[in-house]
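Given the structure is predicted, the values throughout are model-derived calculations rather than measurements. In each ligand, atom 1 is the first atom listed, and ligand 1 is the first ligand listed. Below, each value reflects all heavy atoms present in this structure, side chains not excepted, and no hydrogens, waters or symmetry copies.
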Amino acid sequence: MSEFLTGHAKAHTNIALIKYWGKADSNLILPTNDSISLTLDEFYTETSVKFRSDLKQNILTIDQKQQPTNKLKRVNRIIKHFSDMWDGPKFAEITSDNHVPNSAGLASSASAMAALSGATMKATQTKLSLKELSSVARLGSGSATRSIFGNFVHWHRGHDHDSSYAEPLESPAEFKINMLTVVINDQPKRISSTNGMSNTAQTSPFFKEWTNTANQAIDEMKQAIKSGNFSKIGEMAENNAMQMHATTLSSNPPFTYFEPDTLKVLQIIQQLRHDGIECYATIDAGPNVKIICQNNNLNQIKNSLLSEFNENQLIVAHMGPGIKIY
Ligand code: PMV
């Protein structure tokens, strides 16, 4: 019997090129704008879910550390979503390991919630398509919606649970891009993405404009991905990230995720571009900069960064695969 109660999954994290920033429905986690991301090979979460009839609540262990039960709101939600559909046990023992290079300072909620959804689906023997699974992962964390699929992914904002899902985007087979992460600070962020987006939505006069501009950018970004137009993808991603961060600076009270070293990296990127080396920046709700680049320029970009940063602050990731459920 017990093998029917157990499921495993491995999901990779993703970085948005057109960011999700703002909720239209904070309970269902429906975003105000569509987003597009790149799944990365280097960072992933492996999760096992084992339903046990002797449990009265879920137990979560992350990287060998048992988590306080009052911190499991989103995890409980995913488990309940599936366990409501069956007659089996309602609670599970969940073991999750994050494979993120030491001190990468990267959020793992996208890969974690995607892996949890996949493993729970398997443990409860529920049959969902990957598209349907992406909607369930969304209930754990918005960005997890996109971590169900590999490479380039589009999250449709939708208007209810079923219509807010992700799907993979096609790009030319030979087209490859990298993300070089510059780790500036590996501590948890002071303002969570949930609070950050809620503050800006409520107080920034630019928020509506951000939403419209991001939604309008989707078709053009899809076209750039389809044709493998690196320059267009990079330019649009950098613009979109700066527009998102402009909403934090224009909030009341104002705030920023940037640190002095964040600006230092942006200046290095601008200088590299000025010197004819193509690379672009994207930044999430934290100070670390991800540099979008191609193989041929990787060494030169790294060398420029090494004048200001250490080798162990630089992590290169490539395009990564979709979820594996077993
Ligand atoms: O999924 P959350 O709640 O961690 O929000 C992610 C928000 C950003 O990383 C800033 C943008 C994105 O689309 O991933």
Novice: Keeping the roles fixed (side chain from Arg138, backbone from Tyr165), state whether a donor-acceptor pair exists under 3.5 Å.
Specialist: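 Checking the backbone N and O of Tyr165 against the side chain of Arg138, no donor-acceptor pair under 3.5 Å is found.
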Novice: Does the ring center of His99 lie less than 6.0 Å from the ring center of Phe43?
Specialist: no
Novice: For ligand 1, note which part of Ser109 has a heavy atom under 4.0 Å away: side chain, backbone, both or neither.
Specialist: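 Side chain only.
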Novice: Backbone, side chain, both or neither: what part of Met113 comes under 4.0 angstrom of ligand 1, heavy atoms only?
Specialist: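 It is neither; nothing of Met113 touches ligand 1.
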Novice: Which of the atoms of ligand 1 are close to Ala285, meaning less than 4.0 Å from one of its heavy atoms?
Specialist: 10 (C)
Novice: List ligand 1 atoms under 4.0 Å from Ser143, heavy atoms only on the residue side.
Specialist: 1 (O), 2 (P), 4 (O), 14 (O)
Novice: Kindly confirm or rule out an N or O of Arg146 lying under 3.5 angstrom from an N or O of ligand 1.
Specialist: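 Checking ligand 1 against Arg146, an N or O pair does fall under 3.5 Å apart.
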Novice: Is ligand 1 less than 4.0 angstrom away from at least one heavy atom of Ser35?
Specialist: no
Novice: Against heavy atoms of Ser193, which atoms of ligand 1 measure under 4.0 Å?
Specialist: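 Selected atoms, number and element: 2 (P), 3 (O), 4 (O), 5 (O).
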Novice: Please work out whether the ring planes of His12 and Tyr44 are parallel, tilted or perpendicular, with thresholds of 30° and 60°.
Specialist: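 Tilted, since the angle between the ring planes falls between 30° and 60°.
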Novice: Is the shortest N/O to N/O distance between Asn14 and ligand 1 below 3.5 Å?
Specialist: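 No: no nitrogen or oxygen of Asn14 is under 3.5 Å from one in ligand 1.
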Novice: Does the distance from a Lys or Arg side-chain N to an Asp or Glu carboxylate O, for Lys264 and Glu259, drop under 4.0 Å?
Specialist: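 Salt bridge flag = no for Glu259 with Lys264.
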Novice: Give the atoms of ligand 1, by number and element, whose distance to some non-hydrogen atom of Met197 is under 4.0 Å.
Specialist: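 Those of ligand 1 that fall under 4.0 Å from Met197 are 5 (O).
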Novice: Are Arg52 and Glu93 within salt-bridge range, i.e. N to O under 4.0 Å?
Specialist: yes
Novice: Below 3.5 Å, N or O to N or O, backbone or side chain included: is there any such pair between Ser141 and ligand 1?
Specialist: yes
Novice: Please walk me through it: do Ile177 and Ile292 pass side-chain contact (heavy atoms from CB on, under 4.5 Å)?
Specialist: CA-CA 7 Å; Ile177 69 176; Ile292 304 165; 4.0 Å; yes
Novice: Quick check: does any side chain N or O of Asn33 sit under 3.5 Å from a backbone N or O of Ala214, one acting as donor and the other as acceptor?
Specialist: no
Novice: Which ligand 1 atoms, with their elements, are less than 4.0 angstrom from a heavy-atom of Gly142?
Specialist: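 Within the 4.0 Å cut-off of Gly142, ligand 1 contributes 1 (O).
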Novice: Compute the centroid of each ring, for His161 and then for His81, and state whether the two points are separated by less than 6.0 Å.
Specialist: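 His161 vs His81: aromatic centres under 6.0 Å.
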